[in-house]
There are 2 protein chains.
Amino acid sequence: MTGKVDHEKRRRQIAEALLRIADTEGLQSASMRAVATEAGVSLRLVQYYFTTKEGLLLDAFARLGTQLQARMQRWIGEARAPREVVTAILSCILPTDAESRRITRTYTAYYTLVLTDAEAIGKHGVSQPDLLESFLVKQLRAAREAGEIAPERDVEMAAAGLLAMVNGLGQSVLGGQRDGEAALAILTHHLDELFLPSAGG
Amino acid sequence: MTGKVDHEKRRRQIAEALLRIADTEGLQSASMRAVATEAGVSLRLVQYYFTTKEGLLLDAFARLGTQLQARMQRWIGEARAPREVVTAILSCILPTDAESRRITRTYTAYYTLVLTDAEAIGKHGVSQPDLLESFLVKQLRAAREAGEIAPERDVEMAAAGLLAMVNGLGQSVLGGQRDGEAALAILTHHLDELFLPSAGG
DNA sequence: ATGCATGTGATACACATGTACCATGCGAAT
DNA sequence: ATTCGCATGGTACATGTGTATCACATGCAT
């Protein structure tokens, strides 16, 4: 019944079980046993493939980051004009469909951990927001040079503000204050004020 | 050694011990025993004044809300012009000093709970963001009628965007992406673009 | 003085958790 | 055929958790 199994496949199976639990019930419910059951394997196997719980947590977190990155590239890939790229970057994070709702919720579940166990998980994902922000700055700068944004606009400030706004909007959607469409409308409204009236999505 | 003790005083002593733990180590470390030790009382007393842990969690959460509200009124009280009031509302939430850092961190600690145990804690604090937003809308509308904001501006959209931005900026500060002053600078920049150039703090 | 409610202490209980340990089946190399 | 390492199952152990229970002291009303 044994015979050289695909380690990566098993690890993914287990890690995604954890992410599923983190999404639906929160990370505090993601015990080793719960993950094992959700993944359909024995507790021993979870230990076997991820010696410690911290290892499992870290690996699953890395996978979550990869998933978000993949989604973002998929969304950006469909964009052509600079404004479309910017819109893609920002609205892709918003919890408007099932996938982004899942990713956002799960990220939020991890967020608390990052704040208290900063040294453990922190160093793995803290650079990502900065990378995203500088990428957004680059896109905004390109849009400004293409004449889609007024030249006197400060794109660094705009990028930081938009990113923070999108995060905050995501929070409000998850908290039930408004739905995804309303959040997207707010984002679009602010993009309308940043970009000059002309071409656009 | 007994003799009619002040219940409210004891409850506050214990609830604030929990908030202190939630701030520094996160809510997952706030066990009944840890709270008892932090408050300098026996485990039995925590049980006595808050029968169940959920009760303690809820009471402490309510107190946290009160603290934030008090801070906001204190900040607003020093403001005179409409723009100053708006600035006070928004920057008061930003983790720029020790108090707001504490409040923001602790709120974040609760946020995860609200997402998973929505029915329990949710109904107690979910209305507050909406109230805050409509209050901000009212202030912005007043500012617009006072000629401090261009008449074609959509104040509802602006209010929602600003509030979300401030929340997102707070997240980034807590996550160590930037410090409180940088966050405040980003907020100020956006307020500069919303308000017409004239008077202001 | 007695009894009862209030405030406080110590401890027990049942359960969940992360991890460690022992056992077994199976393929491959010797 | 034996041996060895990989993959897996089962289970034990120590600890931490929320809550319940027993015990005792003190103040107030009778």
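Letters A, B, ... are given to chains in the order of the sequence lines, protein chains preceding strands, and every chain is numbered from 1. Please read all numbers here as calculations on a predicted model, not as lab measurements.
Side-chain contact between B/L45 and B/Y49: present, with at least one pair of heavy atoms (C-beta onward) separated by less than 4.5 Å. Side chains of B/L19 and B/D23 form no contact here, defined as non-hydrogen atoms less than 4.5 Å apart. Looking at A/H7 and A/Y48, their side chains come closer than 4.5 Å, going by heavy atoms from C-beta outward.
Between A/R44 and A/S31, the one whose closest nucleotide on DNA chain C sits nearer the 5' end is A/S31.
Residue side chain B/R10 does not reach the base of C/dT8 through any donor-acceptor N/O pair under 3.5 Å, judged by distance alone. For B/R33 against D/dG16, a side-chain-to-base donor-acceptor contact under 3.5 Å is absent.
Distance CG (B/L27) to P (D/dT17): 13 Å, rounded to an integer number of Å. Distance CG (B/D117) to P (D/dG18): 14 Å, rounded to an integer number of Å. The NE2 atom of A/H7 sits 11 Å away from the C1' atom of D/dT8 (whole-angstrom rounding). Separating the CG atom of B/L43 from the P atom of D/dA20 is a distance of 12 Å, rounded to the nearest angstrom. For B/L45 and C/dA10, the CG to C1' distance is 12 Å, given to the nearest whole Å. Distance CE (B/M32) to C1' (C/dA12): 18 Å, rounded to an integer number of Å. What separates CZ of B/R11 from P of C/dT8 is a distance of 14 Å, to the nearest Å. Nucleotide D/dA20 holds its C1' atom 19 Å from the CZ atom of B/F50, rounded to whole Å.
At least one side-chain nitrogen or oxygen of B/Y49 sits closer than 4.0 Å to the OP1 or OP2 atom of C/dT8. Regarding contacts with the backbone of D/dT8, every side-chain N or O of A/Y48 stays at 4.0 angstrom or more from both OP1 and OP2. Distances shown here put every side-chain N or O of B/S42 at or beyond 4.0 Å from the OP1 or OP2 atom of C/dA10. For B/T51 and D/dT19, the shortest distance from a side-chain N or O to OP1 or OP2 is not below 4.0 Å.
Residues B/Q139 and B/R83 have side chains that never bring a donor and an acceptor to within less than 3.5 angstrom of each other. At a cut-off of 3.5 Å, with distance as the only test, no side-chain donor of A/R44 or A/Q47 sits close to an acceptor on the other residue.
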